[in-house]
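Here is the structure we will look at.
All chains are named by letter (A, B, ...) in the order of the sequence lines, taking the proteins before the strands, and each is independently numbered beginning at 1. No experiment lies behind these values; they were computed from the predicted model shown.
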Number of protein chains: 2
Amino acid sequence: MRFSTRGRYGVQVMVDLAQNSTEGPISLKSVAERQKLSEHYLEQLVPELRKAGLVKSIRGAQGGYLLAKKPEEIYIGDVIRVLEGPIAPVECTDQYGDDCCEKTEFCVTREVWVKVRDSINDVVDSISLADLIKDSEKEGEKVNLFDDEV
Amino acid sequence: MRFSTRGRYGVQVMVDLAQNSTEGPISLKSVAERQKLSEHYLEQLVPELRKAGLVKSIRGAQGGYLLAKKPEEIYIGDVIRVLEGPIAPVECTDQYGDDCCEKTEFCVTREVWVKVRDSINDVVDSISLADLIKDSEKEGEKVNLFDDEV
DNA sequence: TTATATCCTACTAAACCAATCGGAATTTGT
DNA sequence: ACAAATTCCGATTGGTTTAGTAGGATATAA
C-alpha cells in the first residue's frame with residue numbers, strides 16, 4: 001500500500017515552488033538539486049501539474065515554473081490525484097456510487113475500501129501547501145511535530 | 001494508490017469463513033468457488049493468515065480453515081497488515097518515530113504521509129469481521145449502505 | 001487405500017515503476 | 001545573429017512487483 005514516487009515527488013516540487021517562487025519562475029533544475037531528484041524525471045511529472053492548472057510554466061532561458069494559485073488555495077489532494085490518479089484503494093471504489101464486481105450477492109467488503117478511500121481523501125484535502133510551508137518557517141528548531149507517535 | 005489483491009482477497013476469505021465456518025472447517029476450494037478466486041492463489045495467502053494466528057487449519061480430507069477468534073475480535077487492519085505489510089503510504093512512514101530520508105533540512109512533506117497512514121489504520125482497525133457480516137445478514141434487501149456517496 | 005485437503009517451493013508472463021535518452025521548440029541575454 | 005537556458009515531448013529500458021500457475025509432499029477421514 002504505497003503511493004508511487006509520482007505523488008511524493010509532486011508534493012515535494014509544489015512545496016519547493018511555494019517556498020522559492022516568490023519572485024519569478026523556478027527552473028526544474030534548481031528544484032531537482034534542492035530536493036535531490038532527477039531533473040529529467042520531474043520534466044515528466046510537472047507538465048501534468050501544468051495541464052491540471054496547478055502550476056504555470058514560462059519557457060526559455062530564465063524560465064521555469066510558478067504556482068498557479070496561492071499556497072492557501074492548493075490542496076495536497078489535488079496534487080496527488082493529478083499524478084497518481086483517483087484515490088481508490090481497490091478498483092471498485094474508483095467511481096463514486098458505482099457498484100463494483102459482478103458478484104451476485106451484495107459485496108460486503110466494499111464498505112471497507114470506501115471508508116478507506118474517503119478517509120484518505122479527507123486527510124489530503126484538508127492540508128494546503130500553505131499549511132506545510134508554515135511548518136517549515138520554524139526552520140532551525142527541528143522540533144518533532146509528530147507528538148502523536150510512539 | 002491501490003491495495004494489492006492480497007489484502008482484498010484476504011478480507012474476502014476471512015468474511016467467507018466468518019459466514020460459513022459455524023460448524024466445521026471450510027476448504028479453500030469452496031471459498032474459492034463462492035468468491036470466484038483462484039484456489040491455488042489462496043493457498044499461498046491463507047497460510048500467512050494462519051502463521052499470524054488469525055485462522056486455524058485442519059489438514060486432510062474434510063479439513064479446511066476456521067477463524068482462530070470470534071468475528072468480533074478480528075479487525076480488518078490485522079488481516080490487511082499480514083498480507084500487505086505495514087500500512088505506509090510512503091517508505092519513510094514505515095516505522096513510527098523514525099526520521100526518514102537523509103534530507104539535511106526538516107522534511108516538510110512527511111507530515112502528510114504520517115497523517116494518511118494514521119487515518120488508514122484508524123479506519124481498518126475500527127471495522128471487525130462481525131461488523132461486516134452483520135451487514136450481509138440483511139441479505140435480500142440490497143439497500144445502499146453508502147449513503148455518504150453521490 | 002483412495003480421495004480430499006493443507007502445505008511448500010519454484011517458476012512465469014504481464015504490468016508497472018522510475019527513470020534515462022535524445023532531441024525539438026521557445027525565450028533571454030550578448 | 002547566436003549561444004545558453006529552459007520547457008516540452010516521445011521512445012526506450014532495466015528492474016521490481018503482481019497475480020497467478022505448476023508440481024508435488026504431507027496429513028487425514030472414510
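- Contact check on A/K115 versus A/D118 returns no salt bridge, with no Lys/Arg side-chain nitrogen under 4.0 Å from an Asp/Glu carboxylate oxygen.
- In this structure, A/E48 places its CD atom 14 Å from C1' of C/dA19, rounding to the nearest Å.
- The separation between B/L28 atom CG and C/dC8 atom C1' is 14 Å, rounded to whole Å.
- Distance CZ (A/R6) to P (C/dA18): 9 Å, rounded to an integer number of Å.
- C/dT6 atom C1' lies 15 Å from atom CD1 of B/I26, rounded to whole Å.
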Pair up each side-chain donor or acceptor in residues 54-66 of chain A with any protein partner under 3.5 Å, not counting sequence neighbours, and list the distances.
none

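- Using a 4.0 Å cut-off, no side-chain N or O of B/S57 falls inside it from OP1 or OP2 of C/dT6.
- B/S27 has no side-chain polar atom (N or O) that falls below the 4.0 Å cut-off from OP1 or OP2 of C/dT4.
- Under the 4.5 Å side-chain heavy-atom criterion for grouping Ile, Leu, Val, Met, Phe, Trp and Tyr, A/M14 is not connected to A/Y75 through any hydrophobic cluster.
- One can place OH of A/Y9 at 7 Å from P of C/dA18, the figure rounded to the nearest angstrom.
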Protein proximity profile, nucleotides 20-30 of chain C - base contact B, sugar-phosphate-only contact S, no contact -, cut-off 4.0 Å on heavy atoms: BBB--BBBS--
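- When DNA chain D is scanned in the 5' to 3' direction for atoms under 4.0 Å from non-hydrogen atoms of chain B, the outermost contacting nucleotides are D/dA19 to D/dA29.
- Side chains of B/S119 and B/D122: no donor on one and acceptor on the other come within 3.5 Å.
- By the side chain to side chain contact (heavy atoms under 4.5 Å, CB included) test, B/R2 is found to be paired with A/A88, A/E91, A/D94, residues two or more places apart in sequence or in another chain being considered.
- Spacing between atom CD of B/E91 and atom P of C/dA18 amounts to 11 Å, rounded to whole angstrom units.
- Dashed line: the shortest gap from a side-chain N or O of B/Y65 to OP1 or OP2 of C/dC7 is under 4.0 Å.
- Closest approach of A/A68 to A/G53, counting heavy atoms only: CB-O, 3.4 Å.
- Screening residues 16-60 of chain A for ring-ring contact (aromatic ring centres under 6.0 Å, His included) gives A/Y9-A/Y41 as the qualifying pairs, with residues at least two apart or on separate chains.
- Applying the salt bridge (charged side-chain N to carboxylate O under 4.0 Å, His left out) test to residues at least two apart or on different chains, the pairs with a partner in residues 6-30 of chain B are B/R6-B/E48, B/D16-B/R34.
- Taking every heavy atom of both residues into account, B/G10 and B/L83 meet most closely at CA-CD1, 3.4 Å.
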